[in-house]
Amino acid sequence: MRRSRLFLPTLRETPAEAQIVSHRLMLRAGMVRQASAGIYSWLPLGLRVLKRVEQIVREEQDASGAQEILMPTIQSADLWRKSGRYEDYGKEMLRIRDRHDRDLLYGPTNEELITDILASDLSSYRDLPLNLYHIQWKFRDEVRPRFGVMRGREFLMKDNYSFDLDFAAARHSYNKMFVAYLRTFKRMGLKAIPMRADTGPIGGDLSHEFVVLADTGESAVFCDKALLEMDVPGAELDYDADLQPVIDKWTAYYAATDDMHVADKCPVGEDQLVTARGIEVGHIFYFGTKYSEPLGAVVQGPDGKRVALEMGSYGIGVSRLAGAIIEASHDDKGIIWPESVAPYLIGLVNLKSGDRDCDTAGDDLYGFIQRAGLSVLYDDRNERAGGKFADMELIGLPWRITIGPRGLKNGKVELQPRAGGATDELSLDEIRNWITAKAGG
Ligand code: ATP
Ligand code: MG
């Protein structure tokens with residue numbers, strides 16, 4: 001993409017309404033604009049990030065055996081009356097009435113709807129286990145929408161729902177998601193720590209929140225230092241194998257959010273305990289037959305008896321992640337995107353647009369990078385070098401290649417990683433080799 005053509009309204013000034021760094025940087029880098037309180041439009045740069053985050057989530061869900069569907073944003077109130085949540089959900093639920101005076105709502109979550117689908121269309125226990133997910137906008141009328149996309153009212157969530165015949169199978173479904181979440185967040189360059197969460201009346205220990213440590217996190221969290229250095233299972237992991245040993249390894253260490261933490265009972269010594277603030281990026285939860293019973297998601301088991309399905313639900317805050325990644329990775333100049341979610345991998349800066357040699361070298365390299373299959377933003381504007389650099393640093397692309405008249409005289413360009421580290425002077429051949437290697441060929 002040519003910078004001169006890209007709709008990228010960057011801001012020099014720090015917007016007054018933004019309290020935390022990710023919100024400030026998302027506004028300044030032209031990623032999002034507020035439409036109304038807690039509701040955002042995603043501009044080209046922001047949308048590219050959102051899509052990449054979404055794609056990582058999708059790939060890891062697919063790898064775990066979950067299947068993608070798409071349920072609507074608008075739901076009928078009747079289903080929620082059956083589960084009892086139409087009243088219970090309270091003011092966070094946006095209620096709507098259609099022209100026929102029927103009560104609808106903008107979905108804050110989808111347990112009822114998915115359970116209803118299963119109730120109608122699951123005929124045999126042989127179709128289990130089943131895990132269905134979708135990535136869809138949710139609406140929750142939060143009391144205090146704030147921190148930009150981190151606590152919005154409209155936000156993008158991946159939510160899925162597992163269905164099993166008995167508890168042992170449900171636990172395996174839960175464990176799969178536990179591992180899939182570890183892998184998902186790691187691919188985004190995040191250390192997300194699974195922390196014991198409240199299970200309410202369901203009881204048991206199958207509820208974990210995945211929390212990214214950041215000073216601006218909304219809740220206080222406590223965990224064993226060892227968790228910061230744990231290994232995340234790689235792609236070779238077999239989801240059909242017994243995952244309990246992996247889960248046991250992680251859950252052997254103490255980790256709790258403030259509502260679960262009891263200082264007096266904390267088993268971790270002071271020198272080993274990390275006390276920090278955290279951002280919840282995901283939540284996994286086993287809740288048994290809480291919805292399958294009232295909504296009639298029942299099958300005939302192998303022994304002919306009718307059993308209500310054992311269920312769990314699993315959420316990831318996709319749009320929140322765009323902010324959380326920035327919280328975890330930035331400096332005083334701007335965002336530092338990990339390669340896996342960067343809107344473009346390379347920022348190509350032509351220091352002297354209009355200069356014939358610079359333009360030729362720049363256009364050549366721009367074409368070369370694209371043909372190699374890498375994403376590139378080419379700053380071809382007629383602007384001062386300082387402004388171009390500041391812009392590139394603000395939007396945080398992982399690599400910058402700079403072409404200037406002085407270097408070109410010696411046949412050289414500059415290569416610089418955004419994350420810090422030395423600037424390299426490379427010949428045109430060397431930079432092409434670097435690009436080819438980067439593209440994996
Ligand atoms: P929170 O305690 O932050 O309100 P929650 O417990 O209500 O979260 P879940 O219902 O478990 O959240 O939703 C799944 C995921 O969706 C959360 O882990 C979070 O990442 C994301 N999420 C929840 N509420 C919001 C919101 N208002 N804005 C953006 N993302 C959200
Ligand atoms: Mg909430």
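These values consider heavy atoms only, across backbone and side chains, with no hydrogens, waters or symmetry-generated copies. Every number for a ligand or one of its atoms is a count from 1 in the order of the listing.
The shortest heavy-atom distance from V281 to ligand 1 is under 4.0 Å.
With distances taken over non-hydrogen atoms, the option nearest atom 9 (P) of ligand 1 out of E154, R140, E209, E218 is R140. Among R151, R146, R144, the residue whose heavy atom sits closest to atom 1 (P) of ligand 1 is R151.
On a distance-only criterion, S319 and ligand 1 share no N/O pair closer than 3.5 Å. Between G152 and ligand 1, an N or O atom pair is found at a separation short of 3.5 Å.
Close contacts of ligand 1 with E142, meaning ligand atoms under 4.0 Å from a residue heavy atom, involve 24 (N), 26 (C), 27 (N). Against a heavy-atom cut-off of under 4.0 Å, V149 is close to the following atoms of ligand 1: 29 (C).
A 4.5 Å side-chain heavy-atom check between Y106 and W137 finds at least one atom pair inside the cut-off.
Ring pair W434/W399 is perpendicular by interplanar angle, where above 60° counts as perpendicular and below 30° as parallel. Ring orientation note: the planes of Y174 and Y314 are tilted relative to one another, at an angle of 30° to 60°.
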message: Let's go through D103 and R95 carefully: what are the C-alpha distance in whole Å and the side-chain angles of both, what is the deciding distance for side chain to side chain contact (heavy atoms under 4.5 Å, CB included) to 0.1 Å, and is it a yes or a no?
response: CA-CA 7 Å; D103 290 324; R95 293 147 209 269; over 6 Å; no
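Looking only at atom types and distance, the side chain of R85 has a donor-acceptor partner in the side chain of Y291 under 3.5 Å away. Side-chain atoms of H208 and T251 include no donor-acceptor pair closer than 3.5 Å.
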